[in-house]
Amino acid sequence: MTRVTFISADGQDRTIVDAPAGECLLDVAQAHGQPLEGTCEGQMACSTCHVIVDPEDFGKLPQASESEEDMLDLAAGATRTSRLSCQIRLEDWLESLTVRMPQESRNMQGV
Ligand code: FES
């Protein structure tokens with residue numbers, strides 16, 4: 001299990017989920033109502049699954065591939081600890097992972 005904490009773009013809401021090993025972070029996020037489109041379904045062609053990883057957790061994740069880095073360059077509101085959630089597989093050794101939704105998420109309601 002990995003305890004995943006999703007933080008809303010405005011920092012107001014937290015959703016805490018225990019995700020089984022092997023799950024893709026994007027799938028877990030979508031299953032719990034997070035506003036990530038994930039349009040290309042993990043093909044690294046859209047960057048709408050972009051999340052901002054908590055700096056403390058960022059180092060625990062395996063490095064992003066070159067293609068992922070290229071997509072992140074195009075992602076709205078990307079930061080140094082941004083990742084594509086479709087490329088993150090949750091494993092037990094991660095234990096916990098905190099990610100925030102990017103500000104510019106196109107799915108944000110009421111903006
Ligand atoms: Fe498109 Fe992740 S779902 S890049």
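Each ligand, and each atom within it, is numbered from 1 in the order the structure gives. For the numbers below, each heavy atom of this structure counts, side chains included, while hydrogens, waters and symmetry mates do not.
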Quiz prompt | Atoms in ligand 1 with a heavy atom of Gly38 nearer than 4.0 Å | solution = 3 (S)
Quiz item: Relative to the heavy atoms of Cys49, which atoms of ligand 1 are at a distance of less than 4.0 Å?
Solution: 2 (Fe), 3 (S), 4 (S)
Quiz prompt | Under 4.0 Å to a heavy atom of Cys86 - the qualifying atoms of ligand 1, by number | solution = 2 (Fe), 3 (S), 4 (S)
Practice problem: Please name the residue in the list His32, Arg3, Glu23 that meets the side chain to side chain contact (heavy atoms under 4.5 Å, CB included) test with Val17. | Solution: His32
Exercise. Look at the side chain of Ser47 and the backbone N and O of His50, then say whether any donor-acceptor pair between them is shorter than 3.5 Å.
Key: no
Quiz prompt | Min heavy-atom dist Met71 to ligand 1 below 4.0 Å | solution = no
Exercise. Measure the shortest side-chain to side-chain distance between Met101 and Val51 over non-hydrogen atoms and say whether it is less than 4.5 angstrom.
Key: yes
Quiz item: Going by the atom numbers of ligand 1, which of them fall below 4.0 Å from some non-hydrogen atom of Ser47?
Solution: 1 (Fe), 4 (S)
Practice problem: Mark yes or no for whether Glu68, through its side chain, and Arg83, through its backbone, hold a donor-acceptor pair below 3.5 Å. | Solution: no
Self-check item: Residues that Thr15 engages under side-chain hydrogen bond (donor to acceptor under 3.5 Å, both in side chains), provided they are two or more places apart
Solution: Gln34
Quiz item: Counting from 1, what ligand 1 atoms have a heavy atom of Gly42 closer than 4.0 Å?
Solution: 3 (S)
Quiz prompt | N/O/S from Cys40 sitting under 2.8 Å away from atom 1 (Fe) of ligand 1 | solution = yes
Practice problem: Could you tell me whether the side chain of Asp18 and the main chain of Met1 form a donor-acceptor pair under 3.5 Å? | Solution: no
Quiz prompt | Enumerated ligand 1 atoms positioned under 4.0 Å from heavy atoms of Glu41 | solution = 3 (S)
